[in-house]
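Step one of this worksheet: look at the structure below.
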Amino acid sequence: MIDRFFRPFLGGIFFDRDLNVTSRLFEFVMRMLATGSNCLPAGGIGAVAKQLGDSVPAESIMTGTHFVHCLNRLVCLPMHMMVQNELKYSDSLWRPLFRVTK
């Protein structure tokens with residue numbers, strides 16, 4: 001029960017599958033779950049991503065990216081190259097994508 005429900009559920013809430021959070025944060029979240037208005041969309045949790053995605057122009061969404069780096073309000077993607085027919089990402093070379101203005 002713990003590994004099949006609570007760990008994935010709370011891991012999603014805390015963005016930490018290992019549940020390395022303080023007892024204060026855990027108690028706060030549990031209190032909010034017990035006393036708050038908790039709900040899911042009728043279409044399931046995936047409906048949230050769909051609703052967010054539907055409100056963004058398709059050309060502004062990039063898929064297949066490895067991770068993003070942000071430095072001095074400049075959002076960058078890692079440079080990548082093919083090495084022995086495998087896509088490799090650089091940990092030190094970044095390609096500027098856009099500047100965050102707000």
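The first residue of the sequence shown is numbered 1, and numbering continues consecutively from there.
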Is Phe5 linked to Leu10 within one hydrophobic cluster, defined over Ile, Leu, Val, Met, Phe, Trp and Tyr using a side-chain heavy-atom separation of less than 4.5 Å?
-> yes
For Arg7 and Arg17, work out which heavy atoms get closest and say how close.
-> CG-O, 3.6 Å
Donor-acceptor pair, side chain of Asp18 and main chain of Asn20, under 3.5 angstrom | no
Taking all atoms of both residues into account, what is the closest heavy-atom pair of Val48 and Pro41, and its distance?
-> CG2-CG, 3.6 Å
Take atom CG of Leu40 as the centre, draw a 6.0 Å sphere, and report whether it contains more than 12 heavy atoms from other residues, nucleotides or ligands.
-> yes
Could you pull out all donor-acceptor pairs under 3.5 Å where a side-chain atom in residues 23-37 meets a protein atom, sequence neighbours excluded?
residue: Thr35; atom: OG1; partner: Arg31; partner atom: O; Å: 2.7

